[in-house]
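Hydrogens, waters and symmetry mates are skipped; everything else that's a heavy atom, side chains included, is used. Here the structure is a predicted model, which is why all the values come from computation and not from measurement. Each chain gets a letter, A, B and so on, in the order the sequences are listed, and its residues count up from 1.
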Protein chains: 2
Amino acid sequence: MGTKLTAKGRATRSRIVEGAAEVLRERGIAAATLDDIMARTSTSKSQLFHYFPTGKDELLLAVARFEADQVLEDQQPYLGRLDSWEAWEQWRDVVIERYEKQGDTCPLGSLFLQIGRSTPGARAIVTGMLHRWQESLAAGVRALQAAGELPADLDVETRAASLLAAVQGGVSILLSTGRSAHLRAAVDQGIADLRRAGQAPG
Amino acid sequence: MGTKLTAKGRATRSRIVEGAAEVLRERGIAAATLDDIMARTSTSKSQLFHYFPTGKDELLLAVARFEADQVLEDQQPYLGRLDSWEAWEQWRDVVIERYEKQGDTCPLGSLFLQIGRSTPGARAIVTGMLHRWQESLAAGVRALQAAGELPADLDVETRAASLLAAVQGGVSILLSTGRSAHLRAAVDQGIADLRRAGQAPG
DNA sequence: CGCACAATGGACTGATGGGTCCACTGTAGT
DNA sequence: ACTACAGTGGACCCATCAGTCCATTGTGCG
């Protein structure tokens, strides 16, 4: 990591990561080979090992980082500003659209299944992303509390956690079945129940 | 499939499937090899290809079927009789216990990620299991309606779908992080919101 | 201009692992 | 008991693919 990279080097490195991400999405983690990545990114094997000396796992880890950042970025600006019911609905739309477009490829899921529990870094990436995601949702709930839309004694963390789980579950089922009905149902129901919590205290 | 199997043959075949399931859970799908399975089940390569002529994918498919059945079986008898709030709570306990015990290994998820969209049969297995699961949940909600615990105009399918997504999401996060907090939060919240729907109509 | 080192090309290797083949043994049915 | 075929053992083959090595080209810098 401490290796010096020139401007050209940095460009090549990110070209590799982004190209690898594409290949992984298309071919799937199991089928994707270094040669596929070389072909896609117009690089040679020595370049791959120049930028990722440890080999494939290191590259996959870099791709995982890239994809994890992408997940949250794609939900902006709404995820960062959930301070009205309108914002929540718009966030909902973005999430559903994003995952419907993604279809049945799960870059992150398959990635960390491959390197998964074997390496410590992989789990940290996913955990960190989920944590930031949930924090944003929790901030949104708190914003609604501040706006008087939700009671102050609401269990914010549990709500945020179950909303996050709703999205994850919907995506998970989308990946399995190819249909987004569950994602829609889960997110809609989650927001609806949150809304109802503002009307009937409990 | 139409091949004749003697009692001995059937025994060997299921020994292979169950042993393979163990190996896949331990090693993970990516690392598990036919040799691992041979070692675990005390079989030879010719046996593997005798019972699964097409090769590895056919074996993995059989394991997927086995695991899918297991998932639903493990939730019985509660999942089949969700006609009171007590039954729902007991089902909740069983689900959480089951997945906490399973930990961060996801036999089904990884299995169909490997063969996934490539083969048509794989998706059918998961889809079928999810469908039966959701049907049981929907039946439970209807039972509560019949018992007067829930209003008759409740959208049963959406509730069932989002409950299923809640479980899936919780499990998915459990797999990623190793912590079951989200599973608990999502299922508890889901049941709590269902309960509240019985008090404040909407 | 020239040195040091980054960047690149691509042939080669070595091991892994799925799949094949044939020979041998057990067993069910007549 | 014999015969046909299921069941079993294990050596062998071969494609694939991650990883190595060295030679060559490009680039920043004093």
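Every residue meeting the side chain to side chain contact (heavy atoms under 4.5 Å, CB included) condition with B:Arg40, not counting sequence neighbours, appears here in chain and number order: B:Glu22, B:Val23, B:Glu26. When the side chain to side chain contact (heavy atoms under 4.5 Å, CB included) test is applied to B:Phe66, the partners found at least two apart in sequence or on another chain are B:Val17, B:Glu18, B:Ala21, B:Gln70. A:Phe49 meets the side chain to side chain contact (heavy atoms under 4.5 Å, CB included) test with A:Leu34, A:Lys45; sequence neighbours excluded.
Distances shorter than 4.0 Å separate none of the side-chain N or O atoms of A:Thr43 from OP1 or OP2 on C:dT8. For the OP1/OP2 pair of D:dG7 and a distance below 4.0 Å, the side-chain nitrogens and oxygens of B:Gln47 include no atom meeting the criterion. Between B:Ser46 and D:dG7, a side-chain N or O to OP1/OP2 separation shorter than 4.0 Å is absent. OP1 or OP2 of D:dT8 lies within a sub-4.0 Å distance of a side-chain N or O belonging to B:Tyr51.
C:dG19 atom P lies 13 Å from atom CE of B:Met38, rounded to whole Å. Atom C1' of nucleotide D:dG19 and atom CD of A:Glu58 are separated by 13 Å, given to the nearest angstrom. Rounded to a whole Å, the NE2 atom of B:His50 is 5 Å from the C1' atom of D:dA6. The distance between atom CG of B:Leu5 and atom P of C:dT27, rounded to the nearest whole Å, is 16 Å. In this structure, CZ of A:Arg27 is placed 14 Å from C1' of D:dC17, rounded to the nearest angstrom.
Panel note: side chain B:Thr12, backbone B:Lys8; a donor-acceptor pair is recorded below 3.5 Å. Remark: side-chain polar atoms of B:Asp74 are not paired, donor with acceptor, to backbone N or O of B:Val71 under 3.5 angstrom. Judged purely by atom type and a 3.5 angstrom limit, B:Arg179 has no side-chain atom pairing as donor or acceptor with the backbone of B:Leu174.
A:Phe52 comes within 4.0 angstrom of no nucleic acid atom, judged by non-hydrogen atoms across all strands.
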So which protein N/O to nucleotides 16-18 of chain C N/O distances come out below 3.5 Å?
residue	atom	partner	partner atom	Å
C:dG18	OP1	B:Lys56	NZ	2.9
C:dG18	OP2	B:Leu34	N	3.0
C:dG18	N7	B:Lys45	NZ	3.2

With 3.5 Å as the limit, what N/O pairs link the protein to nucleotides 25-30 of chain D?
none

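DNA chain C is contacted by both A:Gly9 and B:Thr54; A:Gly9 maps to the nucleotide lying nearer its 5′ end (nearest heavy atom per residue).
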### Task
Begin with the C-alpha distance, continue with both residues' side-chain angles, and end with the deciding distance and a verdict on side-chain contact (heavy atoms from CB on, under 4.5 Å) for A:Arg92 and A:Val95.
CA-CA 5 Å; A:Arg92 181 212 96 114; A:Val95 167; 5.9 Å; no
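Using cut-offs of 30° and 60° for the angle between ring planes, the B:Trp88 and B:Trp85 rings count as tilted.
Pairs passing the salt bridge (Lys or Arg N to Asp or Glu O under 4.0 Å) check and including a residue from residues 128-145 of chain A, sequence neighbours excluded, read A:Asp69-A:Arg132, A:Arg142-A:Glu157.
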